[in-house]
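See structure below.
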Amino acid sequence: MMIRDLIGQIIAQAVASLRESGGLPDVELPPIEVMRPQIAEHGDYATSIAMKLAAAAKAAGVKANPRAIAESIATQIRETVEVVPAYNLVESVEVAGPGFINLRLKPSWLLAQAATVVAAGASFGTVTVGNGKRINLEFVSANPTGPVTVGNGRGAFIGDTLGSLMRAAGFEVTKEYYFNDFGAQIDKLGGSMEYYLRLALGESDAPKPEEGYFGPYYATLARQTIEFFGNDGRALLDLPAEERPSQIGKAFAALIMGDIRQTMASLNIEFDVFFNQASLDTSGELQEGIEQLRAAGYTEERDGALWAKTTLFGDDKDRVIMRSNGEPTYFASDVAYMRNKFNRGFDRLIIVLGPDHHGYITRLKAVAQMLGHTADDMHVLLYQVVTVKGMRMGKRLGNIITLDDVEEEVGADVTRFFYLMRSGDTPLDFDLDLARKQTDENPGLSVQYAHARTAGIFRKARELGVTPDQYENADLTVLANDPPGELSYELALMRQVLRLEEVVERAALTLEPHHMTRYGMDLADAFHLFYDHCPMLKQGADVPLAVRNARLRLLQAAQAGLARTLALLGMSAPERMERAEPDNAPA
RNA sequence: GUGCCCGUAGCUCAGUGGAUAGAGCGCUGGCCUGCGGAGCCAGAGAUCGGAGGUUCGAGUCCUCUCGGGCACGCCA
C-alpha cells in the first residue's frame with residue numbers, strides 16, 4: 001500500500017473511533033484528504049479534515065471549533081499508532097495553523113524502506129489505482145504523407161510516456177497508431193512524387209501539380225528511390241495516367257510509413273497496434289457503423305447527404321457522414337474506428353491530439369454517446385504548439401523541422417526529457433541550446449548522470465574490495481545517529497525515492513506525464529546533494545564501516561528509484577556518462 | 001463572431017481549494033587538490049495580467065475584462 005494511503009487509513013480509523021465515542025460533531029463526514037505540506041517543517045503529510053468537519057458542522061447549525069476538533073483527532077491518532085504495530089511509522093502528530101493535523105514519519109522507518117525499494121527493483125513505483133481497467137491510447141496517427149514534425153513529436157512522447165505511466169498505475173493499456181494510406185491525400189502525394197521522380201530522372205520540364213506536398217524531403221525521397229531502383233523507378237511513371245496518383249501515392253506512403261516507424265523506434269516510442277483505416281472499409285465496419293447510427297435514429301437525410309445528428313450531444317452543427325455522391329466521409333471512418341475500439345472491449349478511449357484538433361472534441365464525444373457509451377468514455381487529450389529555439393540552419397529540410405532533426409542534435413534521451421518537461425496545456429518552447437549542453441545544467445542529463453554516478457560508486461566500491469554482501473543487509477537505522485547535516489540529506493533522498501509511487505499515480509490519473517520529469521529533477525537533486533555531503537568510500541574520511549554500508553544500501557535504493565524513473569520516461573539509465581567535448585555534439 | 005488553451009521571478013515553466021507561491025536557466029557574493037568530472041554554499045529577484053464573487057481559506061473554483069495562441073469544410 002502507498003504510504004500516503006496508509007496515513008489516510010490511520011486518520012480514517014482515528015476519526016471513526018472518535019465518532020463512535022461521540023467525540024466529534026454528528027454530521028456527515030467529509031472525505032479525508034491527505035496532502036503533502038509545502039513546507040518541510042510541517043511534516044511529511046497533513047490533513048485538513050478538522051477544518052472540513054468544522055465547516056460541515058457549522059453548516060448544520062452545530063457549534064464547532066476546528067482547532068479543538070483537530071486536537072481531539074490528533075490525540076486519537078497518537079493512541080491509534082501506539083497500539084497498532086503496522087502503524088508504527090508515525091513519529092509525531094501535531095496541530096498547527098487554523099486546524100491542520102501534521103504527521104511526521106519516523107526517520108528510522110523511512111530509512112528502513114530502502115530494503116523495500118531494492119526488493120521491488122524494476123517494479124518499484126507500481127501502484128494499483130488503475131485496477132486493470134482497459135485503456136486504448138491513440139496518439140501520433142499522422143498520415144504517411146511526410147516526415148514526423150516537432151509538433152507530432154509532442155503527441156508521440158506524451159502518448160508513449162502516459163502509456164508507461166498508466167501501466168505502472170495498474171491500467172491495461174493498448175497504444176495505437178491510426179493511419180490512412182489511401183484516398184485524396186495519398187493521391188495528392190502521388191502527384192507530388194511523380195513530379196519529383198521526373199525531376200530526379202532529369203525531366204526538368206516536368207509539370208508541377210498545383211496542390212501537393214513539396215519540399216526537400218520529397219525531392220530527396222525521389223532521388224533516393226531512383227538511385228536505389230535505377231531505371232525500375234520508371235515503372236511507376238509508365239502506368240496509365242489515371243492510375244498514377246493513387247499507385248505512386250500508395251508506394252510512397254508505404255516508404256514514408258517506414259520512415260515514420262523508424263523515427264518512432266529510434267526515439268523509443270512503441271505502439272502495440274498500427275491500425276489502417278482502409279481495413280474498416282474492407283471489413284464492412286464502415287457500413288456497419290453508419291447502419292448502427294441510422295438504426296439508433298441518430299441520422300437524417302438532408303440535401304441528398306446523410307448527416308449524423310451530433311447536435312443532440314452538444315456539437316454546434318450536425319456532421320455529414322455520407323456525401324450526396326454516396327461516398328462516406330472521414331467522419332464515417334471516425335465512427336467506425338471508435339466503434340471498433342469499443343467492440344474490442346476497452347473501458348475508456350484516450351486520443352492525444354494537437355491544438356488544431358480541439359474542434360473535434362465535442363464531435364468525438366458525440367460519437368461515443370451515439371454508440372451507446374458516455375462522453376467520459378472518450379477522452380481527448382490536447383497538447384499545445386511546439387516551437388524550437390536554437391536550431392542550426394542549413395542542415396534541415398526546408399522550413400519544417402522534423403523530429404529526426406531534433407534527435408540528431410541532442411539525442412533520443414534528452415529529446416524525450418525536454419518534450420516532457422512541460423505540461424501539455426502550455427506551448428512548448430524547445431530550448432536546443434540548453435538541451436545540447438553536456439553539463440549538469442541540462443536537466444535531462446542531470447537525471448541520467450545521477451544514475452551513472454550510483455553505478456560509478458558501486459564500480460569504485462568493487463575496486464576497493466567492497467562487495468555487495470557487505471552492505472546488502474546493512475541496517476540503515478545507524479544513519480539516524482549521523483550528524484544532523486548529513487542525516488537531512490539522507491532522509492531527503494529517501495523521501496524523494498519513496499515519493500515515486502505518488503507521482504506515478506498522479507501522472508496516470510491526471511493524464512499529465514510532465515509530473516514525471518519534474519520528479520526526476522527533484523530526485524536527481526536530492527541524490528546529488530546526498531552525494532556531495534555524505535561520503536561513502538572517500539579514502540581517509542572518517543566514515544565508520546556500519547555507516548558506509550548503510551549508505552551503500554541507501555545508494556542501492558536511490559539507484560533503483562532513478563532507474564525506474566528513467567525507464568518510465570522511456571530514457572536509458574546509463575552505467576557511465578560518455579564525456580563529450582563541447583565542440584563535439586553527440587550523435 | 002463562436003469555442004478551446006495560455007497569462008506566475010529577467011527567461012522557460014511547476015504548483016492536488018490549504019499554512020511562508022517553487023524549479024531550471026540567467027544574475028550577485030563566498031568557497032573548492034582527490035567516491036567521477038562537468039562543482040559546493042549563500043543571496044537577490046513575484047502586488048500570481050486586471051476587477052468583482054464563492055469559501056474558514058483562492059495562483060487554483062465562478063463571472064466579467066485585457067493581452068497572446070489555436071480552431072471553426074459534403075477536406076483528410
Side-chain angles (χ1 to χ4, degrees), chain A residues 33-39 41-42 46-48 51-52 54-55 58 66 96-100 102 143 145 180 183-186 188 277 302-307 316-317 319-325 327-331 333-334 354-362 380 382-385 387 389 421-431 433-434 437-443 445-446 449 452-453 455-461 463-464 502 506 509-510 512 514-515 517-518 521-522 525 528-529 531-541 543 548 551-552 555 576-577 579-580 582:
Chain A
E33 282 167 25
V34 182
M35 65 192 104
R36 284 179 168 273
Q38 286 182 0
I39 297 157
E41 286 72 49
H42 291 155
T47 181
S48 58
M51 288 178 285
K52 293 274 190 334
K58 192 183 155 198
F100 291 101
N102 293 331
N143 282 336
T145 54
N180 175 21
Q185 258 186 19
I186 300 302
K188 203 152 75 173
Q277 186 187 320
R302 207 187 305 156
D303 308 326
L306 189 67
W307 299 68
D316 54 349
K317 60 186 81 161
R319 305 289 164 180
V320 173
I321 191 165
M322 185 120 68
R323 298 190 188 92
S324 46
N325 65 8
E327 287 278 311
T329 60
Y330 187 86
F331 182 71
S333 299
D334 282 345
D356 49 336
H357 286 81
H358 85 258
Y360 289 44
I361 298 176
T362 46
V380 177
L382 277 193
Y383 60 86
Q384 297 300 310
V385 292
T387 51
K389 187 167 66 186
M421 275 200 299
R422 305 284 177 249
S423 156
D425 281 340
T426 62
L428 171 67
D429 191 15
F430 197 110
D431 187 347
D433 294 324
L434 181 61
K437 287 192 180 167
Q438 291 291 301
T439 71
D440 225 15
E441 293 161 53
N442 183 326
L445 281 189
S446 177
Y449 183 48
R453 237 178 191 174
I457 293 166
F458 287 123
R459 272 198 302 278
K460 182 77 177 178
E463 283 170 25
L464 295 172
E502 283 172 37
R506 182 180 176 196
L509 291 179
T510 59
E512 292 172 338
H514 72 276
H515 295 303
T517 46
R518 290 274 157 184
M521 290 163 77
D522 289 343
D525 281 353
H528 288 303
L529 284 170
Y531 172 88
D532 288 330
H533 295 93
C534 304
M536 282 156 274
L537 303 170
K538 214 168 191 170
Q539 305 247 332
V543 181
R548 181 202 72 183
R551 284 181 177 168
L552 286 172
L555 189 69
R576 41 164 54 87
M577 296 299 273
R579 186 166 196 188

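Residue numbers start from 1 in every chain, and the chains themselves are labelled A, B, ... in the order their sequence lines are given, proteins ahead of strands.
At whole-Å resolution of the value, CZ in A:Arg453 and P in B:C35 are 9 Å apart. Separating the CZ atom of A:Arg518 from the C1' atom of B:A21 is a distance of 14 Å, rounded to the nearest angstrom. At whole-Å resolution of the value, CG in A:Asn102 and P in B:G18 are 14 Å apart. Nucleotide B:A38 holds its P atom 10 Å from the NE2 atom of A:His528, rounded to whole Å. Between the CG atom of A:Asp532 and the P atom of B:A42 there is a distance of 12 Å, given to the nearest Å. Between the CE atom of A:Met51 and the C1' atom of B:A19 there is a distance of 8 Å, given to the nearest Å. Put simply, NZ on A:Lys389 is 14 Å from P on B:C25, counting in whole angstrom units. We find that CD of A:Glu33 is positioned 13 Å from P of B:U16, with the value rounded to whole Å.
Within the 4.5 Å cutoff, no side-chain heavy atoms of A:Thr362 are placed close to those of A:Asp316. In this structure the side chain of A:Arg453 reaches within 4.5 angstrom of the side chain of A:His528, judged on heavy atoms. A heavy-atom distance below 4.5 Å is not found between the side chains of A:Phe100 and A:His42. A heavy-atom distance below 4.5 Å is not found between the side chains of A:Pro443 and A:Thr517.
Contact check, A:Arg323 against B:C75: a side-chain N or O comes under 4.0 Å of OP1 or OP2. Using a 4.0 Å cut-off, some side-chain N or O of A:His533 falls inside it from OP1 or OP2 of B:C41. Phosphate proximity of B:A14 to A:Thr426: present, with a side-chain N or O under 4.0 Å from OP1 or OP2. Close to B:A38, at under 4.0 Å from its OP1 or OP2, lies no side-chain N or O of A:Lys437.
If you take atom C1' in B:C13 and the same atom in B:U54, they sit 29 Å apart, rounded to whole Å. Separating the P atom of B:G45 from that of B:C4 is a span of 39 Å, rounded to the nearest Å. To the nearest whole angstrom, the two C1' atoms, one in B:G49 and one in B:C40, are 39 Å apart. Atom name P, nucleotides B:A14 and B:C61: the rounded distance is 15 Å, in whole Å. Taking atom C1' on both nucleotides, B:U63 is separated from B:C25 by 38 Å, rounded to a whole Å. B:A21 and B:C48 are spaced 11 Å apart, taking the P atom of each and rounding to whole Å. The C1' atoms of B:G15 and B:A46 are separated by 14 Å, rounded to the nearest whole Å. Spacing of P atoms, B:U60 relative to B:C41, comes out at 34 Å, to the nearest Å.
A donor-acceptor contact shorter than 3.5 Å is absent between the side chain of A:His357 and the backbone of A:Val380. Checked by atom type and distance alone, the side chain of A:Thr329 never pairs as donor or acceptor with a backbone atom of A:Met322 at under 3.5 Å. With hydrogens and angles disregarded, no donor-acceptor distance shorter than 3.5 Å links the side chain of A:Asn180 to the backbone of A:Asn143. Judged by distance alone, with hydrogens and angles left aside, the side-chain atoms of A:Asp303 form no donor-acceptor pair with the main-chain N or O of A:Ala305 at under 3.5 Å.
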Counting primed atoms, P, OP1 and OP2 as sugar-phosphate and everything else as base, the B/S/- map of nucleotides 65-73 of chain B against protein heavy atoms under 4.0 Å is -----BBSS

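Taking only side-chain atoms of A:Trp307, from C-beta outward, the nucleotide of B:C74, B:A23, B:C4 with the closest atom is B:C74. Closest to the side chain of A:Ser423, out of B:A14, B:C4, B:C35, is B:A14. Ranking B:G18, B:A19, B:C13 by closeness to the A:Met35 side chain, first place goes to B:G18. Here the nucleotide nearest the side chain of A:Gln185, chosen from B:A76, B:A19, B:A14, is B:A76. Closest approach to the A:Asp425 side chain among B:C5, B:A21, B:A23 is made by B:C5 (side chain taken as heavy atoms from C-beta onward). Nearest to the side chain of A:Arg422, among B:C11, B:A14, B:C35, sits B:A14. Of the candidates B:A19, B:C74, B:G24, B:C74 carries the atom nearest the A:Val320 side chain, counting heavy atoms from C-beta on. Residue A:Met521 has its side chain nearest to B:G24 when only B:A76, B:G24, B:C35 are considered. Taking only side-chain atoms of A:Ala55, from C-beta outward, the nucleotide of B:C56, B:C35, B:A23 with the closest atom is B:C56. Considering only side-chain atoms of A:Thr439, the nucleotide from B:G18, B:A38, B:C35 that sits closest is B:A38.
At a threshold of 4.0 angstrom between heavy atoms, the contacts of A:Asp431 with the nucleic acid are absent. A:Lys52 comes within contact range of at least one nucleobase, with a heavy-atom separation under 4.0 Å. Using a 4.0 Å heavy-atom cutoff across all strands shown, A:Leu529 reaches sugar-phosphate atoms only and no base atom. Contacts of A:Ala54 with the nucleic acid, taken as non-hydrogen atoms under 4.0 Å apart, are absent. A:Ala461 comes within 4.0 angstrom of no nucleic acid atom, judged by non-hydrogen atoms across all strands. At the heavy-atom level, A:Arg506 lies under 4.0 Å from base atoms of the strands shown. A:Asp522 comes within contact range of no nucleotide atom at all, as no heavy-atom separation falls under 4.0 Å.
Among the candidates A:Gln384, A:Arg422, A:Met421, the single residue satisfying the side chain to side chain contact (heavy atoms under 4.5 Å, CB included) test with A:Leu428 is A:Arg422.
Looking at RNA chain B, the stems built from 3 or more consecutive Watson-Crick or G-U wobble pairs, each pair with its key distances under 3.5 Å, are B:1-7 with B:66-72, B:10-13 with B:22-25, B:27-31 with B:39-43, B:49-53 with B:61-65.
Place A:Leu428 and A:Gly183 on RNA chain B by their nearest nucleotides, and A:Leu428 ends up nearer the 5' end. Along RNA chain B, the nucleotide nearest to A:Glu502 and the one nearest to A:Arg576 differ in position, and the one closer to the 5' end is contacted by A:Glu502.
Between the side chains of A:Ser333 and A:Gln277, at least one donor N or O lies within less than 3.5 Å of an accepting N or O.
In this structure, A:His42 packs face-to-face on the six-membered ring of B:A19, meeting both the 5.5 Å centre cutoff and the 30° plane limit. Residue ring and base: A:Tyr531 counts as stacked with B:C35 (centre distance below 5.5 Å, interplanar angle below 30°). Ring-base stacking between A:Phe100 and B:A19 is satisfied, the centre separation being under 5.5 Å and the plane angle under 30°.
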